[in-house]
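Quick notes on the structure that follows.
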Protein chains: 2
Amino acid sequence: MIDKCLCKLISAEEIDKILGQLPQPDTMERLAKFFKVFGDPSRLKLLYFLSRSELCVADLASLAKMGQSAVSHQLKILRLNRFVKTRKEGTVVYYSLEDMHIQSLFDVAIEHIGEEA
Amino acid sequence: MIDKCLCKLISAEEIDKILGQLPQPDTMERLAKFFKVFGDPSRLKLLYFLSRSELCVADLASLAKMGQSAVSHQLKILRLNRFVKTRKEGTVVYYSLEDMHIQSLFDVAIEHIGEEA
DNA sequence: CTCCTATGTGAATATATGTTCATGTATAGT
DNA sequence: ACTATACATGAACATATATTCACATAGGAG
């Protein structure tokens with residue numbers, strides 16, 4: 001665990017300062033959980049389609065070329081993480097994006113990817 | 001695969017338009033790969049510490065309270081995905097962030113998390 | 001050259017994750 | 001009540017991922 005490298009560019013006090021500045025102990029866990037939601041192509045496709053229109057489960061399945069069950073499972077994850085919200089009308093459940101931060105993230109990420117050679 | 005829901009809010013032509021607007025076929029795969037890098041607490045910690053200072057592997061291991069080998073494995077992933085760059089000095093390898101998009105992503109994500117109840 | 005230190009890497013293991021299959025639930029129509 | 005449709009869910013399976021362990025490599029000191 002504690003390797004004894006003496007090569008520190010920064011002093012022990014600075015290290016303590018960095019450690020002290022950690023917003024909260026579980027911040028990284030929560031952030032990781034947040035980003036993990038975006039870390040799957042299927043979920044990204046669903047989010048992309050929802051960024052264009054409110055859609056029901058079957059339509060999402062058609063668009064994303066996924067099975068209905070797979071879509072439903074992924075939508076549950078998106079729901080639990082508050083990325084999407086639902087509106088029920090009879091037997092049909094319409095999904096839409098929960099807020100606009102998602103678009104922001106898409107933008108920053110696409111910009112980053114665009115830089116690659 | 002193709003479920004026969006007739007509940008479409010949007011017409012078939014609109015669906016085609018949405019499908020046609022997909023930037024590239026593999027865009028979601030690349031985006032997912034990108035976000036997946038952020039989807040791990042250990043990597044986020046490493047990135048956070050590197051956002052504060054250029055650091056060597058042993059220091060990162062101390063700060064993140066991880067084994068040296070685990071750190072090295074994760075740094076390899078960060079390297080291959082161009083999140084960090086290295087500078088070698090003797091036997092010591094100093095790591096630092098590749099660009100500033102990472103900070104932007106942290107900000108947007110933290111803002112999103114902050115909204116949760 | 002030899003030893004020591006800093007880091008990288010492959011194999012193994014445990015755990016997490018995504019999809020499919022089968023089935024359950026809810027609601028509309030008859 | 002019965003059937004059909006839209007969606008949700010649990011179990012099973014396959015794959016992916018993170019960590020550990022053991023060892024390899026590289027460079028500096030003697």
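Quick caveat: nothing in here was measured; it's all calculated off a predicted structure. Quick note on labels: first sequence line is chain A, next is B, and so on, each numbered from 1.
- Taking 4.0 angstrom as the limit, B:Arg43 places none of its side-chain polar atoms (N or O) nearer than this to OP1 or OP2 of D:dT17.
- One N or O on the side chain of B:Ser51 and one on the backbone of B:Tyr48 form a donor-acceptor pair closer than 3.5 Å.
- The CG-P distance, from B:Leu75 to C:dA6, rounds to 16 Å in whole Å.
- With rounding to whole Å, A:Leu46 atom CG is found 12 Å from C:dG18 atom P.
- Atoms CD1 (A:Ile77) and C1' (D:dC7) sit 16 Å apart, rounded to a whole Å.
- The closest donor-acceptor contact from the side chain of B:Ser62 to the backbone of B:Ala58 lies under 3.5 Å.
- Remark: A:Arg79 engages A:Tyr95 in a side-chain hydrogen bond (donor to acceptor under 3.5 Å, both in side chains) (not counting sequence neighbours).
- Note: CG (B:Leu78) to P (C:dT7) measures 15 Å, nearest angstrom.
- Residues meeting the side-chain hydrogen bond (donor to acceptor under 3.5 Å, both in side chains) test with A:Gln74, sequence neighbours left out: A:Arg43.
- Taking 4.5 Å as the limit, some side-chain heavy atom of A:Leu60 sits within range of a side-chain heavy atom of A:Leu50.
- Sorted by first and then second residue, the ring-ring contact (aromatic ring centres under 6.0 Å, His included) pairs with a member in residues 57-78 of chain A form an empty list; sequence neighbours excluded.
- Taking atom CE of residue A:Met66 and atom P of nucleotide D:dA6, one finds them 18 Å apart after rounding to whole Å.
- Checked by distance alone, A:Gln68 brings a side-chain donor or acceptor within 3.5 Å of a matching partner on the base of D:dA8.
- Nucleotide C:dG8 holds its C1' atom 17 Å from the OH atom of B:Tyr94, rounded to whole Å.
- For B:Ser42, whose side chain is taken as the heavy atoms from C-beta onward, the closest listed nucleotide among D:dC7, C:dT7, D:dT19 is D:dT19.
- Of the candidates D:dA8, C:dT7, C:dT20, the closest approach to any side-chain atom of A:Ala70 belongs to C:dT20.
- Between D:dT17 and B:Gln74, no contact under 4.0 Å exists linking OP1 or OP2 to a side-chain N or O.
- The nearest whole Å value for the distance from the CG atom in B:Asn81 to the P atom in D:dA18 is 11 Å.
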Where along nucleotides 25-30 of chain D does protein come under 4.0 Å, by heavy atom, of base (B) or sugar-phosphate alone (S), with - for untouched nucleotides?
--BS--
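- A heavy-atom distance below 4.5 Å is not found between the side chains of A:Leu46 and A:Leu55.
- Remark: B:Phe83 pairs with A:His112, B:Phe34, B:Phe38 by the ring-ring contact (aromatic ring centres under 6.0 Å, His included) rule, at least two apart or across chains.
- One distance of note links SG of B:Cys56 with CZ of B:Arg87; it measures 10.5 Å at 0.5 Å rounding.
- As a whole-Å value, the separation of B:Lys33 NZ from D:dA16 C1' is 14 Å.
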Between protein and nucleic acid, restricted to nucleotides 10-15 of chain C and to nitrogen or oxygen atoms under 3.5 Å apart, what atom pairs and distances do you find?
unit_1 : atom_1 : unit_2  : atom_2 : d
C:dG10 : O6     : B:His73 : NE2    : 2.8

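- For A:Tyr95 and D:dA8, the shortest distance from a side-chain N or O to OP1 or OP2 is below 4.0 Å.
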